[in-house]
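The structure appears below as structure tokens.
Numbers here simply count residues along the sequence, with the first being 1.
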Amino acid sequence: MIKKEKAILVHLTTQKTSSSETKESMKELKKLAQTAGAHVVQKIFQNRPSVSPKFYIGEGKVSEIIQLKEELQANLIIFDHNLSPIQQRSLEDEIQGKVIDRTQLILDIFAQRARSKEGKLQVELAQLNYLLPRLLGKGKALSRLGGGIGTRGPGEKKLEEDRRRIQEKISKIKTDISKIQKRRAEQRKSRQKSPVPVVSLVGYTNAGKSTLFNSLSKENMYTSTRLFATLDPILRRITFSDGAFFFLSDTVGFIKKLPIELISAFKATLEEVKESDCILHVVDVTSDHADRQIHAVENVLSELGATDIPLIKVFNKIDLLPNKEELLEKTQYSSNHSVYISAKTKDGIQDLKDQVRSIIYKDLNLYHLRIPKTKKGLIHSFPNWSIVLKRRENHDSYDLKVMADPKSMINFLPYIQRGEVNW
């Protein structure tokens, strides 16, 4: 069994930060550290009007960390901020130990979670882009810092390579990812030729997206209370009771201060969201910071250019609320398109599917057609944005179940069956 690293967490509060935001951020950092495999032994807070250019925090706090590191036998210092290369190097030289920031911690978790070739390439690219400006002097430091959290992924050998070879590696990864992006673009084009809608799940990490994905798709995808349990995108077909269907896409969980390296490196994955016909924004209704988490996700969607896509807020985990009154208090977050569910118990799932259908098929109606074989050519004249759900050949006719715009059905009026066809 691998021995857990002992971590000290550090947060600097400036005049721009409220106490509640500080507590929330440190609570999240602790969960991130635990997800990465660390044991948190201490939290350190400092109030300062501004950031120190050399150490980020004040020199007095650096001395306090050195003392605590010895007393608690800690071997990892994690800052709840993004450190500059100079700040990180200065801290490591002064503390004589491994210092990482929030971005490096998240990158480490992604390095552990990536399973597909694409995911691994994207994580490695993000890590190398992050580490490139920090390579100066790192070769010597690595022998002292050892492995563990913040060093997974590219590995010690690659970090010891000179900058030229690192840049060559980055260039090669970008080429490989570009090939994957082209394949994804081709897949999206083929989907766009079909009128079948795509619905994307997004949400703050650990909001219950994977559990909802399982409820809708009736699959047993891996779920966990750990952050970023799902990394690689998954696409499944979801069918309504009448045969109409859509594709459901799950994405990586969002988080506040999501590293820009990951947003750019995972562009190919997140572009799935931009191509959606509808977005399901899953929210943990039990969270004390639901409003801030909603805002964090909305910020990422804005950065992706996905704010014009119809969106349903899905308030999840109502089974964990003690009473209805508490649920009603949460309605302050509600909008025209919102629904309260429990992905675990499946309460509200049908309401959610009804709302999804009202958005993705708002301009289409369901028709049952019986077309004589003498008019077979009509079958191939459906507009490419209509959807043939079912087709059956009879002795002298074809039965079809079709989703289509009423305006396009003028030529098919004689063949519309007023009663539902028995399939």
Check: S408 side chain, A404 main-chain N or O, donor-acceptor pair, under 3.5 Å: no

Sidechain-backbone polar pair: Q46 side chain, K61 backbone, donor-acceptor under 3.5 Å: no

All salt bridge (Lys or Arg N to Asp or Glu O under 4.0 Å) counterparts of D354, not counting sequence neighbours: none

Test item: T35 side-chain N/O and K31 main-chain N/O as donor-acceptor pair under 3.5 Å: yes

Single hit among K30, H11, K43 for side-chain hydrogen bond (donor to acceptor under 3.5 Å, both in side chains) with D80: H11

Partner residues of F240 under the ring pair (Phe, Tyr, Trp, His ring centres under 6.0 Å) criterion, sequence neighbours left out: F246

K344: salt bridge (Lys or Arg N to Asp or Glu O under 4.0 Å) partners, not counting sequence neighbours: none

I65 vs V10, side-chain contact (heavy atoms from CB on, under 4.5 Å): CA-CA, chis, key distance, verdict: CA-CA 9 Å; I65 290 172; V10 183; 3.8 Å; yes

Pair K27 + D288: basic N to acidic O under 4.0 Å: no

Short side-chain donor-acceptor distance under 3.5 Å, T103 and D101: no

K346 (side chain) donor-acceptor with L216 (main chain) under 3.5 angstrom: no

Gap between atom NZ of K376 and atom CD1 of I371 - 0.5 Å precision: 12.0 Å

Stepwise side-chain contact (heavy atoms from CB on, under 4.5 Å) check, L212 with L201: CA-CA 9 Å; L212 178 56; L201 286 171; 3.6 Å; yes

Flag side-chain contact, heavy atom, 4.5 Å: D399 against L369: no

Heavy-atom donor-acceptor pair, E28 side chain to S25 backbone, under 3.5 Å: no

Intermediate values then yes/no, side-chain contact (heavy atoms from CB on, under 4.5 Å), L366 and V402: CA-CA 6 Å; L366 181 65; V402 179; over 6 Å; no

Check: Q127/Q104 side-chain N/O donor and acceptor closer than 3.5 Å: no

Check: V202 and V282 side chains under 4.5 Å, non-hydrogen atoms: no

Any donor-acceptor pair under 3.5 Å from D277 side chain to I360 backbone: no

Euclidean distance, H368 NE2 relative to L400 CG, rounded to 0.5 Å: 11.0 Å

Side-chain donor-acceptor pair present, T345, D319, cut-off under 3.5 Å: no

Atom pair SG (C278) and CZ (R357), whose distance is rounded to the nearest 0.5 Å: 14.0 Å

Y130 side chain reached by L132 side chain, heavy atoms, under 4.5 Å: no

Ring pair (Phe, Tyr, Trp, His ring centres under 6.0 Å) partners of Y56, counting only residues at least two apart: H81

Neighbour count >12 (heavy atoms, 6.0 Å) for atom CD1, I86: no

Full working for salt bridge (charged side-chain N to carboxylate O under 4.0 Å, His left out) between K317 and D347: CA-CA 9 Å; K317 304 186 183 181; D347 287 341; over 6 Å; no

Audit row: S50, T14, side-chain contact (heavy atoms from CB on, under 4.5 Å) steps and yes/no: CA-CA 6 Å; S50 61; T14 63; over 6 Å; no

Flag, side chain of N316 to backbone of A343, donor-acceptor distance under 3.5 Å: yes

Neighbour count >12 (heavy atoms, 6.0 Å) for atom NZ, K353: yes

Side-chain donor-acceptor contact under 3.5 Å, N394 with S397: yes

Min side-chain heavy-atom separation Y415-L378 under 4.5 Å: yes

From CD1 (I78) to CE (M26), nearest 0.5 Å: 9.5 Å

Distance-minimising heavy-atom pair for L389 and D242: CD1-O, 4.2 Å

R292 and E24 ion-paired at < 4.0 Å: yes

Straight-line distance of L29 CG to L105 CG, nearest 0.5 Å: 6.0 Å

For the student: nearest non-hydrogen atoms of F315 and I294, plus distance: CE2-CD1, 4.2 Å

Neighbour count above 12 (heavy atom, 6.0 Å) for D308 CG: no

Approximate separation, where rounding is to 0.5 Å, of I57 CD1 and Q87 CD: 10.0 Å

Side-chain touch L9/I44, heavy atoms, less than 4.5 angstrom: no

Min side-chain heavy-atom separation T286-L321 under 4.5 Å: yes

Modelled atom types, side-chain donor and acceptor of T22 and T13, under 3.5 Å: yes

Set of side-chain contact (heavy atoms from CB on, under 4.5 Å) partners for N299, sequence neighbours left out: H295

Side chains of Y204 and S287 in contact at under 4.5 Å (non-hydrogen atoms): no

Q355 side chain to S338 backbone, donor-acceptor under 3.5 Å: yes

Aromatic F245 / basic R237 pairing, under 6.0 angstrom, 45° off normal: yes

Contact summary for V273 and I309, nearest pair of heavy atoms: O-CD1, 3.3 Å

Salt bridge (Lys or Arg N to Asp or Glu O under 4.0 Å) contacts in which one or both residues fall within residues 170-180, not counting sequence neighbours: K172-D176

R391 to Y398 six-membered ring, cation-pi geometry met (6.0 Å, 45°): yes

Heavy-atom side-chain proximity of L311 to L301 below 4.5 angstrom: yes

Q42 (side chain) donor-acceptor with A7 (main chain) under 3.5 angstrom: no

Heavy-atom closest contact (V123 atom, F110 atom, distance): CG2-O, 3.6 Å

